[in-house]
Amino acid sequence: TYDNIAYMKAQLKSLGFALDWERELATCRPEYYRWNQWLFTRLFSKGLAYKKTGIVNWDPVDQTVLANEQVIERRGWRTGALVEKREIPMYFLRITAYAEELLSALDELPGWPEQVKLMQKNWIGRSEGVRIGFPYELNARQSVLWVFTTRADTLMGATFMAVAAEHPIAAFAAERNPEVRAFVEECKRGAVMEAELAQIEKKGVATGLFVSHPLSGEKIPVWVGNYVLMGYGEGAVMGVPAHDERDFAFALRYGLPIKQVIAVGDAAFDARHWQPWYEDKEHGRCVNSGKYDALAYQAAVDAIAADLQAKQLGEKQVQWRLRDWGISRQRYWGCPIPIVHCPACGDVPVPDEALPVKLPEHLVPDGTGNPLARMPQFYETSCPSCGKPAKRETDTMDTFVDSSWYFARFCCPGQDQAMVDERARYWMPVDQYIGGIEHAILHLLYSRFFQRVMRDEGLMPGVSEPFTNLLTQGMVLAESYYTDAGGRREWVNPADVTVERDAKGKILSAKRTADGVPVVYDGIGTMSKSKNNGVDPQDLIDKYGADTARFYTMFASPPTNTLEWSDESVDGSYRFLRKVWDFSARFSRARPAAGADRKVRYQIHLELSKANDDIERQKFNTVASACMKILNALDRLDEWDDTSREGLSILLRLLSPIAPHLTHHLWRALGFGEDVMRAP
RNA sequence: GCCGGAAUGGCGGAACCGGUAGACGCAGCGGACUCAAAAUCCGCCGGUGGUGACACCAUGAGAGUUCGAGUCUCUCUUCCGGCACCA
């Protein structure tokens, strides 16, 4: 890690960025992560950090937890073994306590792209509905199965219930019914990822248990459904096949009754084929629903909620899609979670004076679980509360914790007595934040959450939002290739691949240049460490210099667009800068002549005013385009005079932030005054 | 599957409020210079027809609104980002 920091720091310096290195920090240093731990213990005492079970991917061969990215087609990436779900205790941060505020405050962020605000809004996912209880009796004990629905108006059409495989009712049924047990076991082998869960075939099995309809008293069968999520709502849903497309398919598959309770005009209901109007909230009216017949959506929901409330079997409720943030990682290289497990006192937070809990830095991970858990020197400790022997928590924190507040720490170099100080109160929020669009939800939402948590700890009173203006730069895409050796993919950098293409540029075959081993083309995707398809800036700097690297990245596309990396365009950028240099050299040797060319003067000023507009609109690629036009205009002149001198100075001013090394040199060589170098 | 984007020549992209589509660059082609090549410079460069002026077609596909649509509306296709343990 430290070697990488040194390498990349040298790159940033040679690219000529104006950065204040006195503020440099590394989140893996105890001076930084001790404040993660300090804040965690504060949140723990407030109940904003808590422990509950969470579900993880378990590789049964390596005996280790896998990240979602390490599960490829349901198998572990190293072992190829089928991955299992496993429930383990984990620590969570209660981001849902801030759901309302995180949502409503989006309206007060005019400096954020609409696209990002919309994604966050949908992610937080506020929905108003009704919590409904379906009473049942199990072993002579009265109980209630709770569900949440946004369509309480369809309650009279409920013909089945579906519960998650982890639901207590499913567990109860599994004990007595082998068919249910087999199905629940099958669900356990399934995926953890939402994307995969959403695409699996909707399947279920009847538990043989029944609940009562809260209004009609009818018996309703309870099923276990593989599409019901334990983490959302109550882990159970009511099935209304006539008015929910997913329930409709489920009912057809298992021969469950489909009962129409919503009508739109005279449209005929066909229980064999789904039609979109079945879900129509706007025009639908209740039918076959007794006293609720003819009511529209809102009126029906209100009436049914009121009747349920009277029976104590329901009430209106606001439900969030947002879930609490699980921060436990069973990994070595991270910030240790500052908790001691005491047989007598339970989970005890490490007191301030014992912080930081330092991570041993010289362990060698072998890929099978967390080495901290095999290191008694680390985990053997005594209880901070009673002093008896106790075991230290060996899980580390999600690295998103580190990245949720580093910008506030940048404000406070040298501060070793507090997480942040009055300088953070002075500088925060960040005026202009820049990051990839891939961070639109997780990182940016966690940071907004952390800012509020730190505000409420009194660290930055009155500062609720971390970033005033947000620019989401586009992703840089590149081709990626891998060798396929027995199911294990080894990613080969595109620079090391020789490709054969057809006339249209489509890839026919590819092989590793060094040894001719055939490689598989994996398409165009994000430049990433894991796919080894990045471009090392150092190679560009070595070959072309820093100005070309800067010029290409500014010119290639608008900053918010995605960009496919193109070596040819890098070369073109270099040649343009060469041309500026050559022109300037000719200019400096020429003798001034009389007779200003008004047309050139006009064109240069036109381009300058356009370029200024483009800078306002953050369209830097057209600024580069303006530079090229000005140069071409100047280049066509036969004589040099005051106009061409002014044109050249304008060109250098536009170029100076993009190609600072070149323009700085030319500025001195051509004897321009300092005002010329001030960028517009 | 769900949420958010994108699609314009051989390629990256430009077109600001709905008003001349293809700025600028790359690649390509032709020419100048050179013994030759590189570099540099000049010219051409969406498609079809025409010697030419020019005409017609063309912004992923299909409809719609409008005097006028790359731009607005609807449907669809493909690609990209995210989907909570890549960060």
Side-chain angles (χ1 to χ4, degrees), chain A residues 54-57 65-71 77 90 92 95 113-125 192-202 227 231-232 245-246 321-331 334 395-403 435-446 472 474-475 477 503-505 523-526 528-531 551-552 555-558 560-576 578-579 582 586 607 610 613-614 616-617 619 621-632 635-636:
Chain A
I55 301 173
V56 293
N57 302 301
V65 174
L66 297 180
N68 284 341
E69 198 197 35
Q70 296 166 330
V71 180
W77 69 342
M90 305 198 326
F92 286 78
I95 190 172
E114 288 305 318
Q115 171 196 3
V116 173
K117 288 191 276 187
L118 190 56
M119 280 193 263
Q120 292 219 347
K121 186 176 173 235
N122 291 336
W123 183 265
I124 296 168
V192 174
M193 284 165 272
E194 193 203 290
E196 213 169 316
L197 281 170
Q199 283 170 82
I200 53 171
E201 204 181 350
K202 312 295 181 273
Y227 62 95
Y232 183 72
E245 191 169 3
R246 194 168 53 178
R321 206 188 79 94
L322 183 68
R323 308 202 294 261
D324 278 339
W325 174 13
I327 59 159
S328 294
R329 297 291 180 272
Q330 300 69 42
R331 279 193 217 146
D395 279 0
T396 55
M397 288 186 202
D398 182 0
T399 51
F400 268 127
V401 174
D402 302 304
S403 59
I437 185 68
E438 75 274 21
H439 293 298
I441 294 172
L442 293 180
H443 165 61
L444 290 171
L445 192 61
Y446 291 149
T472 50
M475 314 279 301
L477 309 181
K504 285 179 182 167
I524 300 252
T526 322
S528 68
K529 282 167 277 183
S530 55
K531 287 198 173 178
F551 187 88
Y552 168 67
F555 180 58
S557 90
T560 54
N561 282 18
T562 53
L563 158 73
E564 271 177 49
W565 188 265
S566 159
D567 287 332
E568 288 86 357
S569 295
V570 175
D571 205 59
S573 301
Y574 171 72
R575 273 182 290 164
F576 170 75
R578 269 284 305 265
K579 201 168 158 181
D582 292 343
R586 275 196 291 146
E607 292 300 338
K610 238 190 99 206
D613 288 351
D614 288 344
E616 287 286 310
R617 287 155 55 210
K619 298 188 65 168
N621 60 321
T622 52
V623 175
S625 172
C627 292
M628 290 179 179
K629 283 183 194 169
I630 292 173
L631 181 62
N632 287 340
D635 206 20
R636 270 186 215 107

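This is a predicted model, so every value here is computed, not measured. Hydrogens, waters and symmetry mates play no part in the numbers below; they use all other heavy atoms, side chains included.
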J.: Going by purine N1 to pyrimidine N3 plus the second Watson-Crick contact, or the G-U wobble pair, all under 3.5 Å, which nucleotide sits opposite rC79(B)?
T.: rG5(B)
J.: Counting distance alone, no hydrogens or angles: does the base of rC85(B) have a donor or acceptor under 3.5 Å from a partner atom on the side chain of Q330(A)?
T.: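 Indeed there is one.
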J.: Using whole Å, what does the distance between atom C1' of nucleotide rG5(B) and atom NZ of K117(A) come to?
T.: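 After rounding, the gap between these two atoms is 16 Å.
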J.: Please determine whether a side-chain nitrogen or oxygen atom of N122(A) lies at a distance below 4.0 Å from atom OP1 or OP2 of rC2(B).
T.: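 It does not, given that no N or O in the side chain of N122(A) lies less than 4.0 Å from OP1 or OP2 of rC2(B).
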J.: Quick one: look up who rU66(B) pairs with, Watson-Crick or G-U, both distances under 3.5 Å, and put none if it's unpaired.
T.: none
J.: Side chain of M193(A) only, heavy atoms from C-beta on: which candidate in rA84(B), rA87(B), rC85(B) is closest?
T.: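 Of the options given, the side chain of M193(A) lies nearest rA84(B).
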J.: Does atom CZ of R578(A) have more than 12 heavy-atom neighbours, drawn from other residues, nucleotides or ligands, at distances under 6.0 Å?
T.: no
J.: From rC86(B), rC24(B), rG1(B), pick the nucleotide closest to the side chain of E194(A)?
T.: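 Among the listed nucleotides, the one closest to the side chain of E194(A) is rG1(B).
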J.: Donor-acceptor pair under 3.5 Å: do we get one between E438(A)'s side chain and the base of rG81(B)?
T.: no
J.: Using OP1 and OP2 only, check whether a side-chain N or O of R331(A) sits under 4.0 Å from rA87(B).
T.: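 The answer is yes; a side-chain N or O of R331(A) sits under 4.0 Å from OP1 or OP2.
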J.: Rounding to an integer number of Å, can you tell me how far F576(A) CZ sits from rC24(B) C1'?
T.: 10 Å
J.: Side-chain N or O of R575(A) less than 4.0 angstrom from OP1 or OP2 on rA27(B)?
T.: yes
J.: Please state how far atom CE in M90(A) lies from atom C1' in rC85(B), giving the value in whole angstrom units.
T.: 8 Å
J.: Tell me, do M90(A) and V56(A) make a side-chain contact under 4.5 Å, heavy atoms counted?
T.: yes
